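Mind looking over this structure? Questions follow.
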Protein chains: 2
Amino acid sequence: MNKMQDLENCKNCNCKTSIFKSLSTEELEQINKGRYTVNYKAGEILFKQGTPSPHFVCLTKGLAKLYIEGYGKNLILSLVKPVDYIFGPGTYVDNRHYYSAAAVEDTTACLVDVNIFKQLVRENPDFAEEFICRVSRQAIFNFDQVVSLTQKQMPGRIADVLFYLRDKIYEKNPFEISISRQDLADLSGMSKESSIRILKELKDEGILRITGNTIEILNEKQLRQISQTG
Amino acid sequence: MNKMQDLENCKNCNCKTSIFKSLSTEELEQINKGRYTVNYKAGEILFKQGTPSPHFVCLTKGLAKLYIEGYGKNLILSLVKPVDYIFGPGTYVDNRHYYSAAAVEDTTACLVDVNIFKQLVRENPDFAEEFICRVSRQAIFNFDQVVSLTQKQMPGRIADVLFYLRDKIYEKNPFEISISRQDLADLSGMSKESSIRILKELKDEGILRITGNTIEILNEKQLRQISQTG
DNA sequence: TGTTTTGATTGATATATATCAATTTCCTGA
DNA sequence: TCAGGAAATTGATATATATCAATCAAAACA
C-alpha cells in the first residue's frame with residue numbers, strides 16, 4: 001500500500017466537490033473510516049459483472065471503463081475519471097454488479113463499504129437528494145446513448161463518441177486517447193474495423209486530424225452536423 | 001370528471017402495494033390532497049418530451065407507452081400498466097420530461113404534485129430507499145434493453161419483446177396485444193416491415209401462433225434459444 | 001351499404017455493416 | 001537491437017436490415 005494514499009483523508013479529498021459536499025465533517029469521517037485505497041494497472045479489472053458489490057468505488061486517479069459483457073461483444077457504458085464514483089444499480093436491488101469495470105490507465109480508487117453509504121442516505125436527506133440527482137443524470141445520459149446507438153448510423157455514433165471524449169473525458173482538443181480502437185468500437189456499438197474506417201473517412205474529409213492516438217476535431221460544425229444527421 | 005374517481009382515496013388505492021407501502025396514513029393523506037385524476041383515450045398523449053414535469057403520474061387503468069422521440073423514429077422504453085407510476089429522471093435535474101408518454105388503451109391516471117413527493121423522500125427514509133430501489137430496477141431493465149437492442153439481431157430482439165409482453169405486460173399466453181406493429185417495431189428498434197417479417201417467420205416455424213392481434217408462444221424453449229443466440 | 005382511410009402485409013431492391021483474411025505498424029521484453 | 005506479439009489498418013466479400021412501392025384487410029364513417 002502506498003503510504004501517501006493512506007495518509008489521505010476524505011475530509012480534504014477532492015471527492016468532496018461531488019455529492020459529498022452535503023456531508024458534515026463527522027459524516028465524512030465515517031466514510032473515511034470504512035475506506036481503503038487500491039491501485040490498479042492499466043488493463044486490470046476492478047470488478048466483474050455478476051459478482052457481489054460490497055462497496056462503492058471512488059476514482060481518485062487514472063481512467064476506467066464501465067462495460068456490459070453481452071453476447072460476444074462488450075458495450076462500454078461510460079468512462080470514469082477522477083473525481084467520480086461508480087455506484088451500480090445492483091446495490092439497492094440484489095447486491096450484484098450489472099456491469100464490469102476495468103482500468104484503462106493506471107488507476108487509483110477508494111473503496112467504501114456500501115452499508116456506510118446507505119446509512120448516510122437514510123440519515124441525511126440532502127445527501128439522499130444529491131444522490132438521486134446523480135442517478136437521474138446518469139439515466140438521462142443513458143437515454144441519449146441508447147438513442148444514438150439505436151437510431152444513428154455509424155458516422156453519427158462515432159461523432160457522438162468523439163464529442164463525449166473531448167468534452168467529458170479528456171477536456172481538451174486535440175486530445176490523446178488512452179483507449180483502444182476496440183474500446184472506441186465498444187463505445188459506439190460497432191466492429192473495430194468499422195470504427196477505424198469511419199475515423200479514416202472523417203480524417204480524409206478534413207473533419208479530424210489523427211496522428212496515432214491523438215485526435216483533433218478540426219471542423220466542429222460539420223461533425224455536429226454528422227451527429228445530427230444520423 | 002368521473003365521480004367514482006373523485007371518491008377514491010390513496011388510503012385504499014392499489015398504489016399502496018407499490019413503493020407507497022412505506023408511507024403512513026398521514027403521508028398518504030398528503031399525497032391524496034395534491035392528487036387529481038385524469039382520463040385519456042387511446043392514442044392521447046399524457047406528456048411530451050421536453051415539456052416541464054410538475055407531477056408524477058400513477059396509472060390506475062389502461063396501458064401507456066413511454067417513448068423517446070429520436071431522429072425520425074421513436075424508441076419505446078417501456079409500457080406502463082396499473083398499478084405503476086411514471087417518474088422521469090428530469091424531476092431531480094431540470095424538471096423536464098426526457099421521454100413522451102401516450103395512452104395505448106383508454107387510460108386513467110392520478111397526477112400528484114412532484115413537490116409533495118420530493119418532500120416525502122426527504123422526510124421518510126424508508127420511502128426514499130424504496131424509491132431508489134425502484135429507480136435502480138429501472139436502470140437494470142434499461143441495461144438489458146440496451147444490450148438486446150445493440151447486440152442482438154432482429155429475431156433475438158423480437159423474442160425479447162415477446163417475452164416482455166407475455167411476462168410483464170399482459171401476463172398470459174396467448175395474449176392479445178393492444179399495441180400496433182409500429183409499436184412492436186419501436187420496442188425492438190427496427191422498421192415495422194421487419195418486425196412483421198420476423199413475426200411471420202416465427203409463425204411459419206411453428207414457434208408462434210398469430211391470429212390478428214392475438215399471439216401465442218407455442219415453443220418457449222426455441223424462442224428462448226433465439227433470444228440467446230442473438 | 002358503400003366509401004374512405006388507416007394499418008398490415010408482401011415483394012423487390014438498395015445499402016449499411018459485419019466478417020474474414022492479409023498486411024502493416026507499434027510496442028514490449030530479452 | 002532484435003524478435004515476438006499485440007494492435008491497427010486495409011481490402012474483399014457476405015449478410016442483415018432499411019427502404020420503397022404495391023396490395024390487401026380491416027376499421028371508421030357518412
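Keep in mind the model is a prediction, meaning the values are calculated, not measured. Lettering of chains follows the sequences in order, A, B, ..., and the numbering in each one begins at 1.
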*Calculate the interatomic distance between A:R181 atom CZ and D:dT10 atom P; express it in whole Å.*
10 Å
*Salt bridge check: are B:K81 and B:E105 linked by an N-O gap of less than 4.0 Å?*
no
*List for me each residue that meets salt bridge (Lys or Arg N to Asp or Glu O under 4.0 Å) alongside B:R96, sequence neighbours excluded, and say none if there are none.*
none
_Angle between the two end axes of the helix from C:dT1-D:dA30 to C:dA30-D:dT1, five base pairs per end, rounded to 10 degrees?_
40°
Return the polar atom pairs (N/O with N/O) between nucleotides 21-25 of chain D and the protein under 3.5 Å, or none.
none

*Interface residues of residues 195-209 of chain B with DNA chain C (non-hydrogen, below 4.0 angstrom)*: B:I196, B:R197, B:K200
*Between B:E201 and B:M154, is a side-chain contact (heavy atoms from CB on, under 4.5 Å) present by the stated rule, with each step listed?*
CA-CA 11 Å; B:E201 273 175 41; B:M154 297 197 297; over 6 Å; no
_Please tell me whether A:S191 and A:K73 have a donor and an acceptor in their side chains that are separated by less than 3.5 angstrom._
no
*asked:* Once ring pair (Phe, Tyr, Trp, His ring centres under 6.0 Å) is applied, what residue pairs with a partner in residues 171-225 of chain B remain, sequence neighbours excluded?
replied: B:Y170-B:F175
_If you assign each of A:M190 and B:Q182 to its closest nucleotide in DNA chain C, which residue comes earlier from the 5' end?_
B:Q182
*Give, ordered by number, those residues of residues 151-164 of chain B having at least one heavy-atom distance below 4.0 Å to an atom of DNA chain D; if nothing qualifies, reply none.*
B:Q153, B:M154, B:R157
_Trace of the side-chain contact (heavy atoms from CB on, under 4.5 Å) decision for B:F141 with B:L77_ = CA-CA 10 Å; B:F141 175 79; B:L77 297 172; over 6 Å; no
*With under 30° as parallel and over 60° as perpendicular, where do the rings of B:Y99 and B:F47 fit, or are they tilted in between?*
tilted
_Considering only residues two or more places apart or on different chains, which pairs with a residue in residues 207-230 of chain B satisfy ring pair (Phe, Tyr, Trp, His ring centres under 6.0 Å)?_
none
*asked:* Suppose we screen for salt bridge (Lys or Arg N to Asp or Glu O under 4.0 Å). Which residues come up paired with B:K168, at least two apart in sequence or across chains?
replied: none
*Pairwise side-chain contact, A:F131 with A:V135, heavy-atom cut-off 4.5 Å (strictly under)*: yes
*At under 4.0 Å between heavy atoms, what does B:S191 touch on the DNA or RNA strands: base, sugar-phosphate, or nothing?*
base
*Would you say B:R35's side chain and B:C110's backbone share a donor-acceptor pair under 3.5 angstrom?*
no
_Outermost DNA chain C nucleotides near chain B [under 4.0 Å, heavy atoms]_ = C:dA8 to C:dA12
_Partners meeting side chain to side chain contact (heavy atoms under 4.5 Å, CB included) with B:K221 (sequence neighbours left out)_ = B:N219
*asked:* Could you work out, with salt bridge (Lys or Arg N to Asp or Glu O under 4.0 Å) as the rule, every residue matching A:R197, not counting sequence neighbours?
replied: none
*Residues in salt bridge (Lys or Arg N to Asp or Glu O under 4.0 Å) with A:D113, at least two apart?*
none
*Ring-ring centroid check B:F143 A:Y98, cutoff 6.0 Å*: no
